[in-house]
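The next block holds one structure in the form of structure tokens; read it before the comments.
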Amino acid sequence: MTIATTPKPPYYAAIFSSFATGADADGHGQAAVQMVELAMKQPGFIGFEYGDPRADKFSLFVSYWRSDADIRAWKQVADHLAIQEKGKSAWYSSYRIRIAKVERDYGRD
């Protein structure tokens, strides 16, 4: 995993914070890979970063997008909708999604 390469701001971040249940860990892992591959094909997708997807651990997944409209469109992709429902019913004990406009971006590579 690397830090995502992002363009000069502004751009948007969809931040998914969660605790996994551990149920169907293989299915959950496969779905995560499929969703990243699908997201990468969506208009406006820039990149992603994630941390610690193990069960009972706090996990963070951040995807970066050119616009809020791109994030809204991604949320409505049929395959993504189906995985969202599976996540709510089986894979996550708790989660929160936050959408943020990135106005500053700095650091060291």
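- Shown here for Lys88 and Tyr95, the closest heavy-atom pair between the two residues is CE-OH, 3.3 Å.
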Which is it for Tyr92 and Phe16 under the side-chain contact (heavy atoms from CB on, under 4.5 Å) test, yes or no, and what are the steps along the way?
-> CA-CA 11 Å; Tyr92 300 108; Phe16 180 68; 3.6 Å; yes
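- A donor-acceptor contact shorter than 3.5 Å is absent between the side chain of Gln42 and the backbone of Val77.
- The CG atom of Asp109 lies 7.0 Å from the OG1 atom of Thr5; values are rounded to the nearest 0.5 Å.
- Remark: side-chain polar atoms of Glu49 are not paired, donor with acceptor, to backbone N or O of Val62 under 3.5 angstrom.
- Looking at Ser59, its side chain never comes within 3.5 Å of a backbone N or O of Ser18 through a donor-acceptor pair.
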Pair Trp65-Tyr11, side-chain contact (heavy atoms from CB on, under 4.5 Å): steps then yes or no | CA-CA 6 Å; Trp65 301 83; Tyr11 55 89; over 6 Å; no
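- Pro10 is not listed as a side-chain neighbour of Val102, based on a closest heavy-atom distance of 4.5 Å or more.
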Could you give me the CA-CA distance, side-chain angles and deciding distance for Ile15 and Phe61, then say whether side-chain contact (heavy atoms from CB on, under 4.5 Å) is met?
-> CA-CA 6 Å; Ile15 306 159; Phe61 183 92; over 6 Å; no
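- Residues Ile83 and Ala31 share a closest heavy-atom pair of CD1-CB, 3.8 Å.
- Between the CD1 atom in Ile71 and the OH atom in Tyr64 there is a gap of 11.0 Å [rounded to 0.5 Å].
- For Arg66, there are no salt bridge (charged side-chain N to carboxylate O under 4.0 Å, His left out) partners at least two apart in sequence or on another chain.
- His80 approaches Lys75 most closely through the heavy-atom pair ND1-CA, 3.7 Å.
- You'll find the side chain of Ile99 reaches within 4.5 Å of the side chain of Asp68, heavy atoms only.
- Closest approach of Asp79 and Leu38 over heavy atoms only: CB-CD2, 3.7 Å.
- The two residues Ala90 and Ala23 have their closest heavy-atom pair at O-CB, 3.7 Å.
- At a threshold of 4.5 Å between non-hydrogen side-chain atoms, the residues Phe58 and Ser17 count as touching.
- Gln76 contributes no side-chain N or O that, together with a main-chain N or O of Arg72, makes up a donor-acceptor pair within less than 3.5 Å.
- Evaluation of the salt bridge (charged side-chain N to carboxylate O under 4.0 Å, His left out) test over residues 89-108, restricted to residues two or more places apart or in two chains, returns none.
- The main-chain N or O of Trp91 is never found under 3.5 Å from a side-chain atom of His28 such that the two would form a donor-acceptor pair.
- The side-chain heavy atoms of Asp70 and Tyr12, taken from C-beta on, include no pair separated by under 4.5 Å.
- Not one N or O on the side chain of Ser63 forms a donor-acceptor pair closer than 3.5 Å with the backbone of Phe48.
- Nearest approach of Trp74 to Met35, heavy atoms of both residues: CH2-O, 3.6 Å.
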